[in-house]
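Following: one structure in structure tokens, then a few remarks.
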2 protein chains.
Amino acid sequence: MGIAERKLRQKGEVKASILQAAWELVQREGWQSLSIRKIADAIEYSAPVIYDHFANKEAIMLEFTKRGFQQLNEQLIKAKVQFTNPEQQIEAIAYAYWKFAFDNKEYYQLMYGLGMPGCETVKQIPEMASFAEIIFSTIKEILAKNKNTSADPHLKLNTFWSTLHGLISINMLGKNESRDELNAMVLKDFLIGFISGIKG
Amino acid sequence: MGIAERKLRQKGEVKASILQAAWELVQREGWQSLSIRKIADAIEYSAPVIYDHFANKEAIMLEFTKRGFQQLNEQLIKAKVQFTNPEQQIEAIAYAYWKFAFDNKEYYQLMYGLGMPGCETVKQIPEMASFAEIIFSTIKEILAKNKNTSADPHLKLNTFWSTLHGLISINMLGKNESRDELNAMVLKDFLIGFISGIKG
DNA sequence: TATAATTTCTAACAGCGTTAGCAAATGTAG
DNA sequence: CTACATTTGCTAACGCTGTTAGAAATTATA
């Protein structure tokens, strides 16, 4: 009797439609105006149904945060494997990270900013660990290749990630002027210093 | 007739008490749970009275954002004038910025993160311009002193600010483990690279 | 077909920012 | 000191929000 299976499938479909509707709403009106009732309207169910699939609104957001990191990770790996030279790899990763942030502004805003996730949230996202690992391993390769034992890879990971995030978030709260040239230069400026510094 | 004056003074006192009550609430429960009604309760007035002093809730937040930048500017200037050497000045500024962010977490979260202020908000805060100017002038002095004409001070300002902000915000979404040593090292790591890079 | 289980709904609670309109207090002028 | 005008603060309400309780309707099982 495939009844149970069909029910599970149908339940999954509703869950998927919730996420899809939520995503469309976010793209149209931003995170701030996303509401359970609007999602319910969009999927043509009543609001409480959503709580059969997600514990609360935050769980929906968390799901998107996870997806955001998954997609980011994909992009970073795709960028990395184009090169064998770790210096080129870290540069490609930086550009991919940058591109992801501005191509997926909604994701990026949710993943970081937006109400400062806080400790609890971070722990619920294993994808963040994979993300860190991608960069960490590349940095270690550079250090190994250049026989630089004095630099701490944890330190360099932190500097790399922080700087990138800082560049992006400062830029996002500015306006949409065509500061693209400046942005590109700032990114390059940082990368030159970072890579030369990491070589020891 | 000092009646009008007294009224103005009283009005000012209520306004001040609104801000004070709001600030206490924020420190106790965070920005997320700040509400007009709670402020009204705290100052022992009804909620609509607040709208005689502020256009809306956002205006209250904006006031705090301004104050945050004012205080930050004070700290940065205080740090800067302790030295005459611009390299030492920029280092002192970086540490002061860092210290401000963690000593005044609530302010810093409001000034940046929290719902991504957006273009409109930024324009309403002239204090941000003064802030940028403090750092900008110091960078220009370093460039002048070292006769470095190739580096763009705008670029360096952007890199400096972004990196600092990135370091802080990444740290803030992590936990409160005693990562102070790591933090100090990351900051130093950045500063060494930045100052050497700026010298040309 | 009758009973059990699941699904989905309506209604409600408690809170939010904000506004309209009335009541009370205060100021001004005769 | 009274009469009018102005300002001040309130209550009540609107339209939202996330979330939950409990009834109704649907579906599965015996």
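Side-chain atoms are counted along with the backbone in the values below, which use heavy atoms only and exclude waters and symmetry mates. Numbered from 1 within each chain, the chains take letters A, B, ... in sequence-line order.
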Nucleotides 13-20 of chain C: protein proximity per nucleotide (B base, S sugar-phosphate only, - neither; heavy atom, under 4.0 Å): ---BBBB-
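A:S33 pairs by the side chain to side chain contact (heavy atoms under 4.5 Å, CB included) definition with A:E29, A:K38, not counting sequence neighbours.
For A:H53 and C:dT6, the NE2 to C1' distance is 13 Å, given to the nearest whole Å. B:K11 has its NZ atom 13 Å from the C1' atom of D:dT6, to the nearest Å. In this entry the distance linking CG of A:D41 with P of C:dC9 reads 11 Å, nearest Å. Note: OH (B:Y45) to C1' (D:dT11) measures 17 Å, nearest angstrom. In this entry the distance linking CG of A:D52 with P of D:dT20 reads 11 Å, nearest Å. In this structure, B:K15 atom NZ and D:dT8 atom P are separated by 14 Å, rounded to whole Å. Protein atom CZ of A:F54 is 16 Å distant from nucleotide atom C1' of D:dG18, rounded to whole Å. With rounding to whole Å, B:Q10 atom CD is found 9 Å from D:dG9 atom P.
Two residues are said to be in side-chain contact when any heavy atoms from C-beta on lie closer than 4.5 Å; B:D52 and B:Y45 fail this criterion.
Taking the ring centroids of A:F64 and A:W31, they lie under the 6.0 Å cut-off. Here the two rings, on B:W161 and B:Y97, have centers that are 6.0 Å apart or farther.
Residues A:S169 and A:N171 have side chains that never bring a donor and an acceptor to within less than 3.5 angstrom of each other.
Of the charged side-chain nitrogens involved, none lies within less than 4.0 Å of a carboxylate oxygen, so that A:K78 and A:E74 do not count as a salt-bridged pair.
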